[in-house]
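One structure is given below, encoded as structure tokens.
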Amino acid sequence: MEYKVEAHRIMSISLGKIYNSRVQRGGIKLHKNLLVSLVLRSARQVYLSDYYSGACLNAAQSEREANEWDITDSEREKFPSSTTECDRVESPEEPQQTERPEKEHEHRENDDDLKSDQVDCTSTLQQEQNQNSLDSVANVSSETPPETIKEPKESPSESAVAERDSTPEANGESHQPPKTHVCSNRKRSAEETESGDSPQKRIKVASSDAEGDEEAEEMDTSNVSNLITIFGSSFSGLLSKDGAKPESETEDSGQICCDQMLKNLNPWSTAIVAF
Amino acid sequence: VYVLGRIRDALLCSVAADIISTVEFNSTGELLATGDKGGRVVVFQREQESKNQPHRRGEYNVYSTFQSHEPEFDYLKSLEIEEKINKIRWLPQQNAAYFLLSTNDKTVKLWKISERDKRPEGYNLKDEDGRIRDPATITTLRVPVVRPMDLMVEATPRRVFSNAHTYHINSISVNSDYETFMSTDDLRINLWNLEITNRSFNIVDIKPANMEELTEVITAAEFHPHQCNTFVYSSSKGSIRLCDMRASALCDNHSKFFEEPEDPSNRSFFSEIISSISDVKFSHSGRYLMTRDYLTVKVWDLNMESQPLETYQVHDYLRSKLCSLYENDCIFDKFECVWNGSDSVIMTGSYNNFFRMFDRNTKRDVTLEASRENSKPRAILKPRKVCVGGKRRKDEISVDSLDFSKKILHTAWHPYENIIAVAATNNLYIFQDKVN
């Protein structure tokens with residue numbers, strides 16, 4: 001367990017570094033950010049492999065426990081993806097119905113914010129990918145999460161369709177997108193709420209909303225697509241590297257769950273699977 | 001006879017206005033250039049030997065100071081371009097003037113450093129201050145004469161090689177043909193002719209079509225010291241590629257690939273970071289390569305790609321501290337490494353203002369410290385030792401007491417003699433080995 005906490009800590013630190021690199025003089029340093037993203041990926045692998053092997057079986061129980069954790073709507077808004085992530089990680093097979101309305105509600109609320117962000121995201125996409133993706137990382141970290149959820153708002157159905165088309169990846173990688181996402185959300189929460197909540201509490205909070213598999217993944221994918229734009233470089237590379245050296249220690253049950261999740265990832269998000 | 005750890009004379013201890021970011025002797029060792037974070041270059045010149053003051057032999061004095069690069073702003077990307085000098089490389093001397101290349105993240109400049117010790121006096125149209133004379137006051141004509149003046153050393157920019165790099169330049173290397181040089185950024189290497197600034201040739205491009213697939217970047221590159229068609233570049237994955245420019249115009253396919261398989265027992269979150277090569281240097285002979293990664297220095301034989309010839313642990317006691325070093329960003333420090341003139345000793349820096357020397361023949365090594373106390377004339381540089389555990393002896397320093405803000409990233413070794421230059425943040429130390 002200790003290394004799980006350690007892995008999470010490293011993930012938070014890594015995201016902080018990526019964010020800070022945006023404001024450094026001289027522009028974003030590609031080399032350093034690449035190294036940081038590799039650390040982030042390694043930490044997430046460890047975090048997920050341990051988390052998944054234990055959590056999958058306990059998912060149902062922990063969710064019910066976590067339901068008592070009353071999080072406000074605003075908090076929920078801040079962690080839409082973490083919700084979805086945890087859903088996916090913990091209970092891929094649970095129903096997803098309640099998730100969607102909630103998310104749509106969030107998105108409608110943040111319409112205006114999203115618009116401005118859309119422009120921002122679009123323009124950044126046109127520029128040097130790595131640099132702007134890293135820029136966007138900072139945006140993600142600094143702004144409230146709902147603002148960054150551009151794609152889900154626009155076309156949740158599209159992303160759902162896209163997911164179906166995705167090709168399944170190696171098991172180890174399936175863990176990655178959810179976890180990174182959870183972490184980034186936790187980071188955002190840390191910045192915004194400045195609460196002393198432990199990361200594990202957040203996970204449980206998120207899992208309390210644990211809903212459907214499909215819905216969650218749709219939102220996930222969309223949010224995660226943003227993260228792709230944000231992180232830009234080194235995703236597929238990390239992906240292939242993962243494929244080459246699988247380090248996941250997931251048990252069989254975990255792998256089955258992973259497979260299910262993976263099938264629903266769209267190709268666009270497979271790049272971010274590395275995370 | 002050169003013996004590690006023997007008496008070191010401090011020839012110079014100079015305080016720079018800013019953090020020193022590069023140090024380089026010229027090909028004769030007469031000049032030593034330093035670049036700093038503020039874009040300035042300071043050139044030191046070695047004093048000529050004097051019969052009157054034999055003990056002052058070989059001291060280095062400031063010869064020229066100039067502002068090489070200024071901060072710039074890229075309006076298209078809304079990015080500030082740092083003026084920090086990343087690298088300086090001297091050109092071989094061909095006439096009375098000295099030439100060096102200095103680079104920041106984006107632009108390489110060729111500077112000419114020349115002396116002026118005479119000037120013409122007695123102009124007709126302007127007076128001695130340079131003010132234009134009123135033509136009405138000119139009644140006679142005189143011929144200007146050349147008179148001696150106080151020695152003035154002036155630096156003028158002769159070429160500016162710009163707009164060729166999207167990413168940050170990390171290396172420059174002058175070719176042995178003395179006509180071309182290369183500049184290297186994270187993903188590309190460009191070849192220039194020293195005379196032509198509006199055109200460069202791309203010889204290596206590792207940028208993937210889809211940036212999402214990026215897995216490694218170029219960290220350093222250097223031309224072979226004798227073969228003008230050969231160069232090497234190192235990567236963030238710990239590999240080195242040797243390329244032959246005769247093989248093809250674009251050297252994406254390497255001729256040789258040097259990589260040591262990773263030791264699985266050492267695997268950690270930070271394995272990839274610490275295997276990233278921060279510096280690569282050919283030996284003077286051209287037979288060997290030296291690479292520096294975070295914890296080790298390795299010597300490679302150009303004829304053996306599968307593993308290094310020698311591996312030296314610089315500060316292995318940091319292996320258990322990688323997480324903290326990641327947090328405080330020290331793990332990203334890029335240490336350089338240098339050969340001595342005969343390729344028998346290699347040197348690299350560490351923390352706490354320590355630097356390490358490894359004798360390849362005797363397999364002995366020494367840790368020395370660059371500090372004020374050690375810089376008094378004829379001070380003996382005492383070997384230092386880091387205590388890695390258990391009882392700490394009186395003179396040892398424990399790992400936890402190391403000052404990680406005092407790092408020696410840049411060092412240089414005189415091409416022939418045992419004179420070393422060590423940059424410790426703002427301070428430049430020059431030591432020589434005194435042979436009795």
Side-chain angles (χ1 to χ4, degrees), chain A residues 3 6-7 9-14 16-17 20-47 124 127-135 228-229 231-241 244-245 247 268 270-272 274, chain B residues 37 71-74 76-84 86 104-106 166-170 185-188 207-220 235-237 262 264 267-278 294 322-324 326-329 331-334:
Chain A
Y3 57 88
E6 180 71 3
R9 197 169 73 89
I10 289 173
M11 288 191 284
S12 301
I13 293 168
S14 303
K17 286 187 193 302
N20 288 329
S21 74
R22 176 184 177 244
V23 299
Q24 266 172 0
R25 228 182 136 226
I28 292 164
K29 303 205 183 331
L30 182 62
H31 183 199
K32 183 177 176 185
N33 279 280
L34 178 64
L35 295 177
V36 170
S37 65
L38 292 175
V39 170
L40 186 54
R41 182 198 60 140
S42 298
R44 208 165 52 102
Q45 274 180 337
V46 167
Y47 191 93
T124 54
Q127 297 171 23
E128 272 287 340
Q129 197 170 358
N130 67 313
Q131 179 187 86
N132 294 292
S133 56
L134 293 167
D135 266 336
I228 296 171
T229 312
F231 284 102
S233 61
S234 68
F235 277 107
S236 307
L238 300 180
L239 198 62
S240 56
K241 197 176 175 182
K245 302 192 285 183
E247 292 171 36
W268 180 226
T270 54
I272 220 175
Chain B
K37 224 174 122 201
E72 285 173 52
F73 197 77
D74 180 337
L76 189 63
K77 295 179 184 167
S78 290
L79 275 186
E80 195 175 5
I81 300 170
E82 275 191 284
E83 67 276 29
K84 174 167 79 84
N86 293 334
N104 69 348
D105 283 340
K106 296 286 183 181
T166 309
Y167 303 96
H168 294 139
I169 297 176
N170 53 56
D185 68 31
D186 292 318
L187 298 178
R188 299 192 177 100
K207 183 178 181 200
N210 185 357
M211 275 298 273
E212 291 176 4
E213 291 159 22
L214 181 73
T215 56
E216 69 183 321
V217 297
I218 302 172
T219 53
S235 86
S236 54
K237 273 193 182 171
E262 189 192 352
R267 187 125 184 88
S268 76
F269 288 130
F270 311 105
S271 298
E272 282 132 338
I273 298 188
I274 64 171
S275 66
S276 175
I277 292 175
S278 53
Y294 191 64
L322 293 180
C323 193
S324 315
Y326 179 70
E327 272 184 85
N328 64 16
D329 271 0
I331 207 173
F332 301 104
D333 287 335
K334 297 188 184 173

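Each chain gets a letter, A, B and so on, in the order its sequence line appears, and its residues count up from 1. What you see below is based on every heavy atom in this structure, not just the backbone, and it leaves out hydrogens, waters and symmetry mates.
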If we ignore hydrogens and angles and just use 3.5 Å, is the side chain of [X] paired with the main-chain N or O of [Y] as donor and acceptor?
X      : Y      : value
B/S275 : B/E272 : yes
A/K17  : B/E327 : yes
B/K106 : B/T166 : yes

Let me know if [X] has heavy atoms under 4.5 Å from chain A in its side chain, its backbone, both or neither.
X      : answer
B/S271 : neither
B/L187 : side chain
B/N104 : neither
B/S236 : both
B/F332 : side chain
B/E216 : backbone

Against chain A, work out which of B/D329, B/T219, B/N170 has the most heavy-atom pairs shorter than 4.5 Å and name it.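 Highest number of heavy-atom pairs under 4.5 Å: B/D329.
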Just do the side chain to side chain donor-acceptor pair (under 3.5 Å) check on B/N86 and B/D105 with the steps written out, would you? CA-CA 7 Å; B/N86 293 334; B/D105 283 340; 2.9 Å; yes
Working to the nearest 0.5 angstrom, can you tell me the gap between B/I81 CD1 and B/H168 NE2?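 It comes to 8.0 Å.
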Approximate separation, where rounding is to 0.5 Å, of A/R9 CZ and A/Y47 OH: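 A/R9 atom CZ to A/Y47 atom OH measures 13.5 Å (nearest 0.5 Å).
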